[in-house]
Amino acid sequence: MTSVVFVHGTGVREDSYRKSYSRVARGVKRLRPDIRLVPCYWGDPYGAHLAFNGACFPEQDQDRALPTADADDPLAVWALLERDPVAEIELLADRAGDHDGGFAPGRTDPWDALADRLRTLTEGALTEGGQPAGDSARVFAAELAPFVTEAADEIAAEVSMRLSGTAPRHDSEAVAARAVIALATRLAETAQDAEEPLPVDGADRDMLVALLTDRLGGTDRGIKEAGKWVGARLLGDPFLWTVSPAIQVGRRRMTRGILPESGDILRYQGRGAGLRARIADVVALTREQDDGPVVLLAHSLGGIASFDLLAMEPSHGVDLLITVGSQAPFLYEIDALTGLRRGDELPAAFPRWLNVYDRRDLLGFVAERIFPGRVTDARVDLRQPFPRAHTGYFAHDSFYERIRDELP
């Protein structure tokens, strides 16, 4: 009798594993009634848990003495501008609509006048005259200065195109200044081919916005009014949820929600020996109880741990390794596997290996080009988008049909 040891992936806990185990048992036995499915559950003993009930999370009352810890600070505006430097201008145009025009012919449109002032900004707008105080602010200003003219011209065109004919705002210069600083920052990063965003202190950024606002003739440097209406975007854009005060307060709850998946991976990278030992013990016990071949059927992180175990200690008596939605080939290519360094060959005693993947599964990788002659890639089509393409293998009939002929 062939025994199949089923090793689950990241984020799975007992109730979920029980359901997956039943699903796999039905799928395998439907095609091969002689198969014995053996559980290898590791989620509770070797998965990630908050051992101190989240004592590592900052508490809201710990920040009260900080001058910048204002829960009403509309950081959402800058989150929008990080995504798109003209986002605030676009939102102003959307809010204005067709009913907001009506300027008389011959009268200078305030937005067009602002666009003209923007076009007068030069490289010296941030570095000459009333320079910002502080070394870090001056360094930031010098980094952005070469891109101010290009940024200001582009923002001027956006202001004229989108806002001309709409009602003026008392803080229009500040709106334009924020857009120029956001775009100049992006241009500077692009020119430097930066691998990470420029390190920018929020106070320095606000100082440069105030400087440009003054040069454009504005008096209102505030951002709170913008934050009130931009904040409505928080509900529609998951990227912006991280700046919502409500999310910050609920950080502990949100982290608990994502902890099993991400935490299991982190814990395995640092403390993976226990999980590998758990798999080895189950395989050894199965060998003792059954005389037939032993197959390791391992999903996601379970596949990484199984691969590592067999690469480090191939003499466990496993006849076939089936990885499903596996990241092992990717981790080998970036030299992040525990069990095998990049450039090293698989041990000669490494078992036959079938690697199952779906092209829509962003966490499933192919292995034949990484380990030529030592593995067979088997593609299935779950007809699901990611992330269901990663979690749906064992609910898919053709998955079992694909592995049936491979089982000893």
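For clarity, every value in this text was computed on a predicted model and none was experimentally measured.
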Inset, instruction - Locate the shortest heavy-atom distance separating Ile155 from Ala176; write the atom from each residue and the value. - result: CG2-O, 4.2 Å
Legend entry - Backbone N/O of Val12 and side chain of Ser16: donor-acceptor pair under 3.5 Å: no
Inset, instruction - Check for a donor-acceptor pair, side chain of His8 on one end and backbone N or O of Ala298 on the other, with a separation under 3.5 Å. - result: no
Inset, instruction - Taking side-chain contact (heavy atoms from CB on, under 4.5 Å) as the test, write out the residues that go with Tyr21, two or more places apart. - result: Phe6, Tyr17, Leu37, Pro39
Legend entry - Residue pair Val7 / Val5, side-chain heavy-atom distance below 4.5 Å: yes
Legend entry - Contact check, side chains of Glu313 and Leu310, non-hydrogen atoms, under 4.5 Å: no
Inset, instruction - List the atom of Leu407, the atom of Val4, and the distance in Å for their closest heavy-atom pair. - result: CD2-CG2, 4.4 Å
Inset, instruction - Flag this pair as yes if the NZ/CZ of Arg205 is under 6.0 angstrom from the six-membered ring centre of Trp78 and inside a 45 degree cone about the axis; otherwise no. - result: yes
Inset, instruction - List in chain and number order the residues that pass side-chain contact (heavy atoms from CB on, under 4.5 Å) with Glu154, two or more places apart in sequence or in another chain; answer none if no residue qualifies. - result: Leu183
Inset, instruction - Rounded to the nearest 0.5 Å, what's the gap from CZ on Phe140 to CG on Leu126? Could you check? - result: 8.5 Å
Legend entry - Partner of Ser160 by side chain to side chain contact (heavy atoms under 4.5 Å, CB included), out of Asp112, Leu114, Leu118: Asp112
Inset, instruction - Drop me the distance from Arg186's CZ to Leu198's CG, to the nearest 0.5 angstrom. - result: 12.5 Å
Inset, instruction - Among residues two or more places apart or on two chains, list those pairs meeting ring pair (Phe, Tyr, Trp, His ring centres under 6.0 Å) that have a residue in residues 322-341. - result: Phe330-Phe365, Tyr332-Phe371
Inset, instruction - Check whether the ring centres of Phe394 and Tyr400 lie less than 6.0 Å apart, and answer yes or no. - result: no
Legend entry - Check: Asp377 main-chain N/O paired with Tyr357 side-chain donor or acceptor under 3.5 Å: no
Inset, instruction - Might you point out which heavy atoms bring Ala137 and Leu208 nearest each other, and give the distance in Å? - result: O-CD2, 4.4 Å
Legend entry - Any donor-acceptor N/O pair, Glu123 side chain to Leu121 backbone, under 3.5 Å: no
Inset, instruction - Could you pull out all residues at least two apart from Arg383 that satisfy side-chain contact (heavy atoms from CB on, under 4.5 Å)? - result: Asp381
Legend entry - Asp135 and Arg138: CA distance, side-chain angles, deciding distance, salt bridge (charged side-chain N to carboxylate O under 4.0 Å, His left out) verdict: CA-CA 5 Å; Asp135 290 340; Arg138 283 193 287 271; 2.7 Å; yes
Legend entry - Side chains of Thr166 and Trp111, donor plus acceptor under 3.5 Å: yes
Inset, instruction - Give the intermediate values and the outcome of salt bridge (charged side-chain N to carboxylate O under 4.0 Å, His left out) for residues Asp335 and Arg341. - result: CA-CA 6 Å; Asp335 200 18; Arg341 293 298 305 271; 2.6 Å; yes
Report, one line per pair, each donor and acceptor closer than 3.5 Å where one atom sits in a side chain of residues 287-295; sequence neighbours left out.
residue : atom : partner : partner atom : Å
Arg287  : NE   : Gly317  : O            : 2.8
Arg287  : NH1  : Gly292  : O            : 3.3
Arg287  : NH2  : Gly317  : O            : 2.2
Arg287  : NH2  : Asp319  : OD2          : 2.7
Gln289  : OE1  : Arg36   : NH2          : 3.4
Asp290  : OD2  : Ser3    : OG           : 2.4
Asp290  : OD2  : Arg36   : NE           : 2.8
Asp290  : OD2  : Arg36   : NH2          : 2.7

Legend entry - Heavy-atom closest contact (Leu163 atom, Ala93 atom, distance): CD2-N, 3.6 Å
Inset, instruction - I would like to know whether Trp353 and Thr376 meet side chain to side chain contact (heavy atoms under 4.5 Å, CB included); could you show each step before the answer? - result: CA-CA 6 Å; Trp353 179 15; Thr376 300; over 6 Å; no
Legend entry - Residue list, salt bridge (Lys or Arg N to Asp or Glu O under 4.0 Å) with Asp44, at least two apart or on another chain: none
Legend entry - Pair Phe307-Leu340, side chain to side chain contact (heavy atoms under 4.5 Å, CB included): steps then yes or no: CA-CA 9 Å; Phe307 177 94; Leu340 193 69; 4.1 Å; yes
Inset, instruction - With sequence neighbours left out, write down each residue that passes side chain to side chain donor-acceptor pair (under 3.5 Å) with Arg117, or none if nothing qualifies. - result: Glu173
Legend entry - From CZ (Phe147) to CD (Glu189), nearest 0.5 Å: 10.5 Å
Legend entry - Leu320 side chain reached by Pro351 side chain, heavy atoms, under 4.5 Å: no
Inset, instruction - Determine the minimum heavy-atom distance between Ala328 and Ile304, stating which atoms define it. - result: N-CG1, 4.1 Å
Legend entry - Gap separating the CG atom of Leu354 from the CD1 atom of Ile322, nearest 0.5 angstrom: 5.5 Å
Inset, instruction - Using the test side chain to side chain donor-acceptor pair (under 3.5 Å), find all partners of Asp34 that sit at least two apart in sequence or belong to another chain. - result: Arg32
Legend entry - pair His396-Gln384: side-chain heavy atoms closer than 4.5 Å: no
Inset, instruction - Scan residues 393-408 for pairs that pass salt bridge (Lys or Arg N to Asp or Glu O under 4.0 Å), counting only residues two or more places apart or in two chains. - result: Arg30-Asp397, Arg352-Glu406, Arg402-Glu406
Inset, instruction - Could you tell me whether Asp264 and Arg267 have a side-chain N and a carboxylate O separated by less than 4.0 Å? - result: no
Legend entry - Presence of salt bridge, Arg18 and Asp15, under 4.0 angstrom: yes
Inset, instruction - Identify, with sequence neighbours excluded, every residue that meets side chain to side chain donor-acceptor pair (under 3.5 Å) alongside Glu158. - result: Arg162
Inset, instruction - Inspect the surroundings of NZ in Lys29 and state if more than 12 heavy atoms from other residues, nucleotides or ligands are less than 6.0 Å away. - result: yes
Inset, instruction - Applying side chain to side chain donor-acceptor pair (under 3.5 Å), name anything that partners His390, two or more places apart in sequence or on another chain. - result: Ser300, Asp361
Inset, instruction - Evaluate the side-chain proximity of Pro385 to Arg360: yes if any heavy-atom separation is below 4.5 Å, no if none is. - result: no
Inset, instruction - Would you check if Val318 and Val283 make a side-chain contact, meaning some heavy-atom pair closer than 4.5 Å? - result: yes
Inset, instruction - Can you see which heavy atom on Leu382 is nearest to which on Ala389, and at what distance? - result: CD1-O, 3.2 Å
Inset, instruction - Measure the spacing between CG of Leu363 and OG1 of Thr391 and express it to the nearest 0.5 Å. - result: 10.5 Å
Legend entry - side-chain contact (heavy atoms from CB on, under 4.5 Å) partners of Glu333, counting only residues at least two apart: Ile370
Inset, instruction - Report yes or no: does Arg276 contribute a side-chain atom to a donor-acceptor pair with the main-chain N or O of Ser306 at less than 3.5 Å? - result: no
Legend entry - Flag side-chain contact, heavy atom, 4.5 Å: Thr338 against Met312: yes
Legend entry - Nearest-0.5 Å distance that lies between atom CG in Leu362 and atom CZ in Phe386: 4.5 Å
Legend entry - CA sep, side-chain torsions, deciding dist, call: Gln192, Glu143, side chain to side chain contact (heavy atoms under 4.5 Å, CB included): CA-CA 10 Å; Gln192 296 177 17; Glu143 289 180 310; 4.2 Å; yes
